[in-house]
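First up is the structure itself, then whatever we jot down about it.
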Amino acid sequence: MVIFSMKSEIRSRVLDERDILSEDEIKGMSELIISNFKEEFSLEDYQTICVYVSKGSELFTHNLINYLLKSKIVLVPYVENILKVSRINDFSELEKGKYDILEPKDKVEYQNQIDLVIVPGVAFDEQGNRLGYGKGFYDNFLKDYKGTKVALAYERQIVKTIPIEEHDIKMNYIITERRVIKCNQ
């Protein structure tokens, strides 16, 4: 119960800090973070990339998705009791779904290899620990995943320590507007 309450406190504090960002701040920092992502990763090494569709004050991923669609197999998550992913070929193939998040209109679960997953989150620490929204969708989705896990986050989402539990999945990289954190695995 102590870990749950610590996680809830961190989640609430970081979301409050994130939610005060203006639309211009979100777009400006998102561009910097995505630029840092492109510099860090030679996308030639990754053919199939799963990326979440941002909502609200999250890092704006719509431009990244459109950029990746030009040369990659792009997968977008959706929820049917558990998180699954489906391929899209164009941003127009998305519609509002569960939790008011854009997801594929035609949900055909992708079951082949995924080279890189861009993971959303509320808060992260420098060891790669991630605090999500509390539903466990991504921890469950990533539990057997052996590929590269990347979090794109604002610097204000980096905290000293995230309390972890056995089921929590660590990131390989966390990329902010200021730096790239290579996490020890």
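Side-chain atoms of Thr161 do not come within 3.5 Å of backbone N or O of Asp125 as any donor-acceptor pair. A donor-acceptor distance shorter than 3.5 angstrom exists from the side chain of Ser86 to the backbone of Val108, with no hydrogens or angles considered. The main-chain N or O of Arg13 is never found under 3.5 Å from a side-chain atom of Asp16 such that the two would form a donor-acceptor pair. In this structure, Ser8 contributes its side chain and Phe4 its backbone to a donor-acceptor pair below 3.5 Å. Judged by distance alone, the side chain of Lys105 and the main-chain N or O of Ser92 form a donor-acceptor pair under 3.5 Å. Counting only distance, with no hydrogens or angles, the side chain of Gln157 and the backbone of Gly121 share a donor-acceptor pair below 3.5 Å. Within the 3.5 Å criterion, the main-chain N or O of Thr61 finds a donor-acceptor partner in the side chain of Ser54. Side chain of Arg11 to backbone of Gly132: a donor-acceptor contact under 3.5 angstrom is found.
A heavy-atom distance below 4.5 Å is not found between the side chains of Tyr78 and Val53. By the 4.5 Å heavy-atom criterion applied to side chains, Arg130 and Asp139 are counted as neighbours. Residues Ile118 and Leu64 have side chains in contact (heavy-atom distance under 4.5 Å, counting atoms from C-beta outward). For the pair Val74 and Val51, the minimum side-chain heavy-atom distance is below 4.5 Å. In this structure, the side chains of Arg156 and Leu21 come closer than 4.5 Å at one or more pairs of heavy atoms. Using a 4.5 Å heavy-atom cutoff, the side chains of Tyr173 and Val180 are in contact. No side-chain heavy atom of Asp45 sits less than 4.5 Å from a side-chain heavy atom of Leu116. Contact of the Glu80 side chain with the Lys107 side chain is registered, since non-hydrogen atoms from C-beta on lie closer than 4.5 Å.
Across all non-hydrogen atoms, the minimal contact from Val14 to Ala123 is CG2-CB, 4.0 Å. Taking all atoms of both residues into account, the shortest heavy-atom contact from Lys7 to Pro163 is CE-O, 3.1 Å. For the pair Arg178 and Asn36, the tightest heavy-atom approach, listed with the atom from each and the gap, is N-ND2, 4.3 Å. When all heavy atoms are compared, the tightest approach of Gln47 to Asp115 is N-OD2, 2.9 Å. For Leu43 against Lys72, the heavy-atom pair with the smallest separation is O-NZ, 2.6 Å. Between Ser57 and Tyr154 the shortest heavy-atom distance is O-OH, 2.9 Å.
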Quiz item: Does the pair Ile73 and Arg87 meet the rule for a side chain to side chain contact (heavy atoms under 4.5 Å, CB included), with working shown?
Solution: CA-CA 7 Å; Ile73 295 171; Arg87 182 176 181 174; 3.7 Å; yes

Exercise. I would like to know whether Arg179 and Ile158 meet side chain to side chain contact (heavy atoms under 4.5 Å, CB included); could you show each step before the answer?
Key: CA-CA 11 Å; Arg179 59 189 168 143; Ile158 308 301; 3.6 Å; yes

Exercise. Give the intermediate values and the outcome of side chain to side chain contact (heavy atoms under 4.5 Å, CB included) for residues Leu59 and Tyr52.
Key: CA-CA 10 Å; Leu59 177 118; Tyr52 69 97; 3.9 Å; yes

Quiz item: Under the side chain to side chain contact (heavy atoms under 4.5 Å, CB included) criterion, do His167 and Lys143 qualify, and how do the steps go?
Solution: CA-CA 8 Å; His167 64 269; Lys143 69 180 181 229; over 6 Å; no

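Taking the six-membered ring where tryptophan is involved, the planes of Phe91 and His62 are tilted, since the angle between them lies from 30° to 60°.
Taking the centre and axis of the six-membered ring of Tyr138, the NZ or CZ atom of Lys149 falls outside the cone set by 45° and 6.0 Å.
Within a 6.0 Å sphere centred on CG of Asn112, heavy atoms belonging to other residues, nucleotides or ligands number more than 12. For CD of Glu95, the number of neighbouring non-hydrogen atoms (other residues, nucleotides, ligands) closer than 6.0 Å is greater than 12. The environment of Tyr110 atom OH is dense: over 12 non-hydrogen atoms of other residues, nucleotides or ligands sit within 6.0 angstrom. Under a cut-off of 6.0 angstrom, the local environment of CG in Asp106 is sparse, with at most 12 non-hydrogen atoms contributed by other residues, nucleotides or ligands.
Residue Val150 is grouped with residue Phe141 when hydrophobic side chains (ILVMFWY) are merged at heavy-atom distances under 4.5 angstrom, including chains of intermediate members. In the hydrophobic cluster analysis, where Ile, Leu, Val, Met, Phe, Trp and Tyr join through side-chain heavy atoms closer than 4.5 angstrom, Leu69 is grouped together with Phe37. Note on Phe137: it does not cluster hydrophobically with Leu15, by side-chain heavy-atom contacts below 4.5 Å among ILVMFWY residues. Under the 4.5 Å side-chain heavy-atom criterion for grouping Ile, Leu, Val, Met, Phe, Trp and Tyr, Ile33 is not connected to Val159 through any hydrophobic cluster. The same ILVMFWY cluster, assembled from side-chain heavy atoms under 4.5 Å apart, contains both Tyr99 and Ile65.
The CD atom of Glu40 sits 11.5 Å away from the OG atom of Ser35 when rounded to the nearest 0.5 Å. Between atom CD of residue Glu166 and atom CG of residue Asp168 there is a gap of 10.0 Å, rounded to the nearest 0.5 Å.
Between Glu23 and Lys27 there is a salt bridge, since at least one side-chain N of the basic residue sits less than 4.0 Å from a carboxylate O of the acidic one.
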